[in-house]
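We count ligands from 1, going down the list as the structure has it; atoms in each ligand are counted the same way. Here the structure is a predicted model, which is why all the values come from computation and not from measurement.
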Amino acid sequence: MKNPVLWVVLIGISIALIQQGLPVRSQGESQSDNKQMDNITIRQGETLFLSCSQGDFVTHTAWLNRSSILYAGEDKWSVDPRVSLVTLSQEEFTIKIEDVDVTDEGQYICAVQTSSRPRTTSVHIIVQVPPKIVNLSRDLVVNEGSNVTLMCLANGKPEPAIVWRMKSPSDDSLSSDSEVLDIPFISRYRAGVYECTAANDIAVDTQTVELTVNYAPSVSDGRDVGVTLGQRGVLQCEADAVPEADFEWYRDDRRIFNGLDGIEIEAAGALSRLTFFNVSEADYGNYTCVAINKLGSANTSFVLYEIIEPTSSTLLQVETSPSVLEMTSSDLEQTPLQNDLWEGPGAVQDGNSGTSTVFNPFCLLIAILQLLLKF
Ligand SMILES: *[C@@H]1O[C@H](CO)[C@@H](O)[C@H](O)[C@H]1NC(C)=O
Ligand SMILES: *[C@@H]1O[C@H](CO)[C@@H](O)[C@H](O)[C@H]1NC(C)=O
Ligand SMILES: *[C@@H]1O[C@H](CO)[C@@H](O)[C@H](O)[C@H]1NC(C)=O
Ligand SMILES: *[C@@H]1O[C@H](CO)[C@@H](O)[C@H](O)[C@H]1NC(C)=O
Ligand SMILES: *[C@@H]1O[C@H](CO)[C@@H](O)[C@H](O)[C@H]1NC(C)=O
Ligand SMILES: *[C@@H]1O[C@H](CO)[C@@H](O)[C@H](O)[C@H]1NC(C)=O
Ligand SMILES: *[C@@H]1O[C@H](CO)[C@@H](O)[C@H](O)[C@H]1NC(C)=O
């Protein structure tokens with residue numbers, strides 16, 4: 001028997017094919033010599049069992065892949081190590097193909113020759129492949145205003161459907177049912193994590209891409225800060241920027257450095273804090289915070305001004321407090337002692353050393369009020 005194909009093509013009897021050892025269909029009593037079985041669908045990587053029933057008086061039997069013989073009886077013709085014989089008996093002839101791949105797709109034929117009637121049965125093998133994303137855009141860092149294109153290519157059988165969406169922050173308005181997601185003139189609000197999903201009947205593959213959008217700093221307006229002499233004072237500057245801003249502090253046009261003159265500069269993410277541990281007269285003034293990143297800079301100014309606290313522990317301190325004088329200046333216009341009070345700081349300072357102003361009716365009024373408040 002030099003060429004089994006010759007007899008294989010001529011023969012055939014009742015055959016059944018089974019996949020993975022289970023009968024998919026029994027041949028029945030068909031009189032047809034050439035039988036086409038239902039397609040068998042199998043996943044890539046699995047083991048395929050091809051089984052065909054035999055019967056009495058079998059003289060020759062073979063399994064073929066298209067027109068090449070895999071096994072003729074117990075003789076292996078295939079050189080493929082994945083192909084092996086499982087059973088060859090009076091009842092069945094089963095071979096297996098391990099680690100099935102897409103190239104194994106196609107027509108397989110079992111040919112059986114008996115003394116009475118030759119017959120062939122063929123089966124079409126379909127190999128399915130779970131989706132796999134094979135080419136995905138890398139994580140991207142772009143400047144605001146750039147045109148961004150995200151790409152996601154996937155393999156699989158059947159051909160997977162590809163969907164892009166913005167995952168976090170979740171934004172359903174930003175999605176695409178194709179391999180490409182175009183984001184023209186990207187804004188900072190479109191920075192985030194994008195997800196590509198490739199799905200077919202068998203499985204789903206998902207990958208994500210992180211998109212960073214750089215933009216120049218903007219700083220919130222500085223709020224002037226009032227601090228009493230000798231107290232702790234803090235100027236706080238906040239910048240919105242990607243990448244995060246670096247900060248510089250200026251007193252007028254002079255740069256301020258950390259650790260000098262009882263001053264500390266500390267950065268905490270988007271914030272920078274300028275702390276005076278003990279505010280002195282010379283510290284009052286105009287400060288500028290400059291936030292810088294590679295795309296630009298922004299600045300804002302703060303005035304550190306003096307608050308003179310009306311410490312009310314003694315009557316004399318109350319009297320010397322300019323803020324109290326201001327508050328009551330309109331009332332004072334009605335009093336006959338108005339001129340004494342409006343002589344300026346000198347007159348007030350006099351009150352510190354002397355006792356005459358204790359009898360000032362205005363001060364008396366304050367003293368009475370304070371006594372009332374204490375009870
Ligand atoms: C079997 O698969 C082939 C190839 O995919 C197809 O042409 C044929 O229609 C299928 N037959 C059945 C019965 O599904
Ligand atoms: C079946 O034939 C095809 C085409 O020649 C080949 O690529 C594949 O490896 C064969 N499979 C087996 C299991 O022999
Ligand atoms: C991925 O896709 C890009 C754009 O089409 C292409 O330039 C690149 O060669 C692809 N890489 C691979 C590994 O297929
Ligand atoms: C972005 O795309 C628009 C057209 O969609 C084009 O006019 C513009 O020049 C592109 N910008 C850049 C930076 O490539
Ligand atoms: C603040 O500085 C003044 C003058 O230098 C000093 O007299 C005072 O003790 C300081 N206060 C504190 C809390 O360090
Ligand atoms: C503080 O300094 C900045 C920058 O030098 C200037 O624009 C701003 O007007 C100053 N503010 C005050 C209150 O002087
Ligand atoms: C602060 O910003 C203004 C424009 O907003 C700019 O003219 C000025 O030079 C900046 N100052 C510093 C110290 O960067």
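- Between Asp80 and Arg82, at least one side-chain N (NZ, or NE/NH1/NH2) sits under 4.0 Å from a carboxylate O, which counts as a salt bridge.
- Looking at Asp252, Asn286, Val290, it is Asn286 that brings a heavy atom closest to atom 6 (C) of ligand 6.
- Of all protein heavy atoms, the one lying nearest to atom 13 (C) of ligand 6 is Val303 CG2, 3.6 Å.
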| Intermediate values then yes/no, side chain to side chain donor-acceptor pair (under 3.5 Å), Ser53 and Glu92 | CA-CA 4 Å; Ser53 66; Glu92 64 168 86; over 6 Å; no
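- Looking from atom 5 (O) of ligand 6 to the surrounding protein, the closest heavy atom is Thr288 OG1, 4.5 Å.
- Hydrophobic clustering (ILVMFWY, side-chain heavy atoms < 4.5 Å, transitive): Val225 and Leu229 are in one cluster.
- Note on Arg273 versus Glu264: no salt bridge recorded, every NZ/NE/NH1/NH2 to OD/OE distance being 4.0 Å or above.
- Asp139 contributes a side-chain N or O that, together with a main-chain N or O of Glu210, makes up a donor-acceptor pair within less than 3.5 Å.
- Here the protein heavy atom with the shortest distance to atom 3 (C) of ligand 6 is Ser301 OG, 3.3 Å.
- At the top of the distance list for atom 14 (O) of ligand 4, counting protein heavy atoms only, stands Asn147 ND2, 3.3 Å.
- You'll find the side chain of Ser170 reaches within 4.5 Å of the side chain of Arg165, heavy atoms only.
- Per-atom contact check: atom 9 (O) of ligand 6 does not touch the protein, criterion being a heavy-atom distance below 4.0 Å.
- Phe185 CZ, 4.5 Å is the protein heavy atom nearest to atom 7 (O) of ligand 4.
- Considering both main-chain and side-chain atoms, Asn299 comes within under 3.5 Å of ligand 7 through a nitrogen or oxygen pair.
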